Amino acid sequence: MTAPLLSVRDLRTHFHTFSGVVKAVNGVSFDIGAGQVMGLVGESGGGKSVVGFSILGLIDPPGRIEGGQILLDGQDLVGAPEEALRRVRGRQISMVFQDPMTSLNPLHTVGRQMDEMLRLHTDLDAPARKAACIEMLESVGISRAAERLGAYPHQFSGGMRQRVVIAIALLAGPRLIIADEPTTALDVTIQSQILKLMRRQIADRGASMILITHDLAVVSEMADHITVLYCGKVVERGLTRDVIGAPAHPYTRGLIDSIPDPRHRQTRLSQIPGTVPDIRNLPVGCSFRERCPRAQALCAQADPPLTAQRASLHAACHFPLTEAEAP
Amino acid sequence: MTPMLDVRSLEQEFAIGGGLFDRLRFERGRVLAPRKIVHAVNGVSFTINRGEVLALVGESGCGKSTVAKTIARIYRPTSGEIRIDGKDVAILGHREMLPVRARMQMIFQDPFASLNPRQKVRDIVAEPLLEQTAGRAARAEVTDRTLALLARVGLNAEHAGRYPHQFSGGQRQRIGIARALSVNPALIIADEPVSALDVSIQAQILNLMMDLKDELGLAYLFISHDLSVVHHIADRVGVMYLGFMVENAPRDALFATPRHPYTRALLSAAPTIREKRDVAEIELSGEVPSALNLPSGCCFRTRCPFAWGRCTAERPTLQAVGDDHTVACHLIDEPERDRT
Amino acid sequence: MMSGFWTSEFFHNWRHNASAIAGSTLLVIFAVIVLAGPLLVAQDPYDVGSLNLLDSYKPPMWLDGGESAFPLGTDGQGRDVLASIFYGTRVSVLIGVSAMVLSCLIGTALGLLAGFYGGWLDSVIMRIADVQLSFPSMLIALFLMSAFGTGIDKVLIALTAVGWVVYARTVRGSTLSEVNKEYVQAARVAGLRDGKIIRRHILPNVLTPVIVVSTVQVGTFILIEASLSFLGVGVPITKPSLGLLIKNGFDVLFSGLWWNSVFPGLFIMALVFGINLVGDFLRDELNPRLK
């Protein structure tokens with residue numbers, strides 16, 4: 001197997017708040033190969049966004065990367081000087097945020113914001129930069145691109161703004177794009193346009209993507225691999241079809257079952273009982289055991305490590321689901 | 001039997017552009033204060049029977065939340081009728097509205113904004129009840145009822161003395177449901193009640209709502225943009241676009257044989273972890289037009305892949321296409337233009 | 001409840017904020033002066049019978065000719081400057097706090113109405129506020145004082161007329177952001193009347209900025225009152241505030257008798273400085289947008 005593009009090893013990012021240490025990311029590991037799309041799934045408080053920010057070195061106090069490695073082409077980004085990180089951001093790894101309203105600067109034209117990206121990361125001269133911007137805007141489906149370069153973000157609708165954000169993220173030709181809930185703020189018909197656009201752009205450029213989302217349906221349509229986070233830890237990862245088709249971890253299974261199934265309409269949805277525990281005060285043993293239908297005495301004693309299960313699956317569970325128990 | 005809720009030709013407009021002084025301007029020697037009008041709801045009609053769940057679906061800006069809040073009389077409708085148990089409540093004043101509020105309550109979208117952060121849970125839950133009884137109810141009675149309601153939605157007595165910020169999103173939504181139930185309503189208007197919640201919590205709340213419906217014989221007006229949730233909970237579905245009702249049908253008919261191009265586009269755009277529904281894919285280009293300037297003719301023609309001259313000239317009205325199934329689309333008259 | 005306070009984030013941040021501690025310390029000292037001032041000094045400066053002209057213009061005690069009975073010296077009537085300052089502080093603080101309370105009540109009420117109802121009511125209230133803000137507050141106060149005459153009650157009217165605007169604008173802004181929140185809509189659905197919605201739901205949620213504004217306003221009012229008194233249109237000579245003490249001392253400042261005006265000046269500076277330090281801390285702590 002070829003070396004992965006990005007390899008995250010035992011990443012731990014903690015926030016030191018007044019009311020205690022929030023171990024938002026607490027020992028997360030995964031690999032992404034060139035051209036792969038990985039879905040990073042979890043509910044609020046799972047730590048999925050913090051993973052994205054950690055990779056880009058954008059963790060501010062009271063947060064801190066406490067340990068682990070983030071290897072880009074084998075080079076560790078943890079503890080790398082800010083100067084080196086700045087060269088990585090945008091050129092190697094770029095980011096698409098959830099809210100297109102706030103991720104563009106309302107005071108600058110779209111053209112200027114795009115041009116800035118190229119000025120920082122390429123040696124192109126002004127006319128070449130402008131041409132590149134126009135070409136990029138057209139490729140993300142914005143018509144009359146030359147004219148729209150002079151427009152301000154508020155002159156675009158939500159979906160169009162997200163296209164601009166994607167165009168900026170793609171401009172410097174990054175090899176990895178981190179998309180944090182890129183379509184959550186959008187309507188479903190616009191969401192499907194944007195997802196198609198992202199999938200096509202990523203494939204055309206041979207880039208990789210980490211798609212951070214709470215929406216299992218979106219990842220199942222977009223990603224090759226899925227990594228499921230719960231309370232700052234990876235509880236399951238594997239190929240999308242294995243994770244969705246026959247998950248080994250009861251949490252993943254619970255998430256899938258909570259989505260209403262139009263084919264088999266029951267009066268009651270199966271639900272995960274209880275709520276996500278306070279991350280400052282996790283139970284001893286497995287973090288999920290208090291909500292888990294399969295929990296036994298062992299789960300209260302030892303935190304299960306992430307181990308290889310059947311097929312492509314790795315799961316952190318003492319009593320994983322078998323294939324026969326698939327939904 | 002008179003329906004629980006009967007809405008007829010409901011219209012809701014909002015004036016925007018600030019106060020009088022902000023709008024004042026001089027034109028050709030005259031003083032003008034022009035208003036911009038948002039046409040949020042443009043003549044929507046539907047009924048909900050006792051114990052029935054009607055879901056209104058559509059994208060942001062389609063007016064579904066405005067319909068909900070107008071029926072709950074948070075807003076006063078511009079025109080139209082809102083009949084609760086046969087009685088039009090559209091223009092009732094505060095005093096006459098009070099008994100109606102005991103029949104109809106509301107659950108809100110945002111579990112963080114819908115509870116007053118400075119009120120204790122017990123006061124939040126008891127508020128509608130105390131308003132109905134005008135403070136005449138014995139304190140002990142109200143306390144008992146509050147605790148019983150909290151227990152029914154899965155919270156316990158010790159939660160009653162806490163403040164909202166001490167609860168998770170799902171628990172807050174339970175508090176909101178207990179508040180709505182406190183006056184024993186027959187109709188609950190639920191405005192996106194689960195869209196702000198995590199998936200695993202969504203299922204809990206939907207189950208709770210369904211249990212309550214069976215137990216108390218509630219009718220729901222359920223506002224949602226999530227088709228899988230709607231498919232699970234609704235008996236009937238109304239599809240809204242730009243303030244118009246474009247299709248209204250029993251759930252199974254709508255999901256199996258959607259007729260309006262917009263409904264079909266919505267169904268094919270929704271991502272799913274299961275196999276795609278058996279619906280011909282319609283991909284929409286562009287985005288929803290502004291409700292400040294409605295398009296002439298059909299509201300959907302600017303994005304519709306089938307639109308032709310008639311759609312610009314003539315606004316389609318809802319017509320029956322099957323059992324209880326109505327659609328507002330000219331394709332019904334000229335099916336040969338449907339190219340899928 | 002109290003143990004909750006000592007372990008709270010608020011107290012923790014206060015303990016680690018030097019300027020908050022300094023400001024609070026100053027305010028505690030001034031609270032003691034206001035509450036127990038007369039017990040701390042031997043002389044009652046208002047009691048003319050207790051004054052002895054032979055003690056006039058004594059310098060502070062550490063200078064030649066100073067006496068320990070008059071630690072900060074005396075004025076032309078033989079009044080103890082320290083005693084005058086203690087009594088004057090009471091007058092200044094009384095006026096500052098009363099004006100704050102009055103303008104807070106009026107401004108908050110108008111701000112709530114403007115924000116809640118909007119429309120023409122909002123337009124009218126806020127345009128009056130705009131007009132008022134376009135005049136220097138000293139000018140308005142001076143105008144009112146020269147129209148009504150002097151006296152503590154007149155000073156209060158002038159300060160309230162100047163001060164309500166800040167409250168009205170702050171409260172209107174907060175009200176606008178609360179009034180469309182779903183908990184207010186829920187109160188409507190519950191059947192509450194407007195008055196009850198404003199009282200029970202909106203008011204408690206707009207109070208935080210009011211508290212922040214109030215601390216700063218007390219300081220501002222004390223300074224405006226001092227300026228008015230310095231100009232001779234403030235409090236009557238029989239009940240001198242710190243500002244009037246400065247004015248009285250100013251008349252003899254250039255004869256080398258500096259202590260008559262410098263010490264009241266230092267006290268008023270320390271008082272307002274303390275108020276502003278605490279006000280800044282409260283603003284940072286209570287403003288959710290800065291968190």
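Just so we're on the same page: letters track the sequence lines, and every chain starts at 1. Keep in mind the model is a prediction, meaning the values are calculated, not measured.
Ion pairing between C:R188 and C:D194 holds under the 4.0 Å rule for side-chain N and carboxylate O.
Contacts between B:L115 and chain C at a heavy-atom distance below 4.5 Å involve the backbone alone (N, CA, C, O). Interface remark: B:Q119 contributes side-chain atoms only to the contact with chain C (heavy atom separation under 4.5 Å). Interface remark: B:M97 contributes no atoms to any contact with chain C (heavy atom separation under 4.5 Å).
Between chain C and the options B:D123, B:V183, B:N116, B:I74, heavy-atom pairs under 4.5 Å are most frequent for B:N116.
Taking the six-membered ring where the residue is Trp, the centroids of B:F14 and B:Y75 are separated by under 6.0 Å. The aromatic ring centroids of B:H159 and B:F167 lie less than 6.0 Å from each other.
No donor-acceptor contact under 3.5 angstrom links the side chains of B:T78 and B:E13, judged on distance only.
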